[in-house]
Every structure is written in C-alpha cells, then in structure tokens.
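Worksheet: one structure, shown below.
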Amino acid sequence: MLVIAGVVRIDPERRDEAVAAAVTMMRETRKEPGCRSYTFSADLEDPGCFHIFEEWETQEALDAHFSSPHMATFQGTVGKLGVREMTVRRYAIESVGPLR
C-alpha cells in the first residue's frame, strides 16, 4: 500500500475556491479503482493551509490517478489559487494494523 501525505498552503483569500475544488477532487478520486482513501483537510488555525492524506493499493492505481481528467482539471485550478507551498510525500507501507 502507498500513502501520500502533505501540506498545501494557498492565498487564504482563495480558500472558498480551494474547498470547492478539493471537494470535487475527493468525490471523483474516491471512485477510482485502487483508491482506499482520499482526503483534503482544512487546517483549523491557518485558513490558507490544507492537509492531504491518500491511501492507494498499488503504484499503478496511483499512476492512473495522475492521468485522470479530474486531476488535470484540479491542477489547472490549483495553479490559480496562489500556492505558497506544496510539500507532498509518498510512503510505501509494508503492513497496517491497529495503533494498540
């Protein structure tokens, strides 16, 4: 399994646009084969900060995601939101289990 996690900071004045784009992206991506979870979360203290968390079954599923039409639309929108920082990392996970 792969986990994608990161932070995107945008112009806080563009927050409503970012939320609308993120909701559409989440809805479409969650329909994709191999997507276990896909979430954007707004930071509670910083209106220009969003956290990303994704879980993918395989690299092939993630690659297909990057080629999807909704990804192209989303990337076009993000480019207009005054991105100030984007730090996203990919983690390969060997096993998953309960915290305790």
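Numbering of residues begins at 1 and proceeds along the displayed sequence.
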Q. Given side chains that start at C-beta, do those of R15 and L81 come closer than 4.5 Å, heavy atoms only?
A. no
Q) Minimum heavy-atom separation for P47 to P12, with atom names? A) CG-CB, 4.1 Å
**Q.** R90 atom CZ, over 12 foreign heavy atoms within 6.0 Å
**A.** yes
Q) Is there side-chain contact between V83 and V78, with heavy atoms separated by less than 4.5 Å? A) yes
(Q) Looking at R14 and K80, would you say the former's side chain and the latter's main chain have a donor-acceptor pair under 3.5 Å? (A) yes
Q) Within a strict 4.5 Å, meaning less than it, do heavy atoms of the M71 and E32 side chains meet? A) no
Q. If you count the non-hydrogen atoms of other residues, nucleotides and ligands that lie under 6.0 Å from CD in E13, is the total more than 12?
A. no
Q | Check: R9 side chain, M86 main-chain N or O, donor-acceptor pair, under 3.5 Å | A | no
Q.
If you compare all heavy atoms of I52 against all heavy atoms of E54, which two are closest, and at what distance to 0.1 Å?
A. CG2-OE2, 3.4 Å
Q. Are C35 and M26 side-chain neighbours, meaning at least one heavy-atom pair lies under 4.5 Å?
A. no
**Q.** Main-chain N/O of A64 paired with S68 side-chain donor or acceptor, under 3.5 Å
**A.** no
Q. Mind checking whether L2 and E57 have side chains closer than 4.5 Å, heavy atoms only?
A. no
Q: Measure the acute angle between the ring planes of F40 and F74, then classify it against the limits of 30° and 60° as parallel, tilted or perpendicular.
A: tilted
Q | Distance-only donor-acceptor check, side chains E85 and T87, under 3.5 Å | A | yes
**Q.** Side-chain touch V3/F53, heavy atoms, less than 4.5 angstrom
**A.** yes
Q) Does some side-chain heavy atom of F50 sit less than 4.5 Å from a side-chain heavy atom of S41? A) no
Q | Residue pair L62, I4: steps toward the side chain to side chain contact (heavy atoms under 4.5 Å, CB included) verdict | A | CA-CA 10 Å; L62 180 59; I4 309 300; 3.8 Å; yes
Q) Is there a donor-acceptor contact under 3.5 Å linking the side chains of E28 and H65? A) no
Q: Supply the atom-to-atom distance R30 CZ to S37 OG, rounded to the nearest 0.5 angstrom.
A: 8.0 Å
Q: Under the salt bridge (charged side-chain N to carboxylate O under 4.0 Å, His left out) rule, what do E55 and R36 come out as? Steps first, then yes or no, please.
A: CA-CA 5 Å; E55 294 175 307; R36 291 185 177 188; over 6 Å; no
Q.
How about CG on L44, more than 12 heavy atoms from neighbouring residues, nucleotides or ligands closer than 6.0 Å, or not?
A. no
Q | Min side-chain heavy-atom separation T73-Q75 under 4.5 Å | A | no
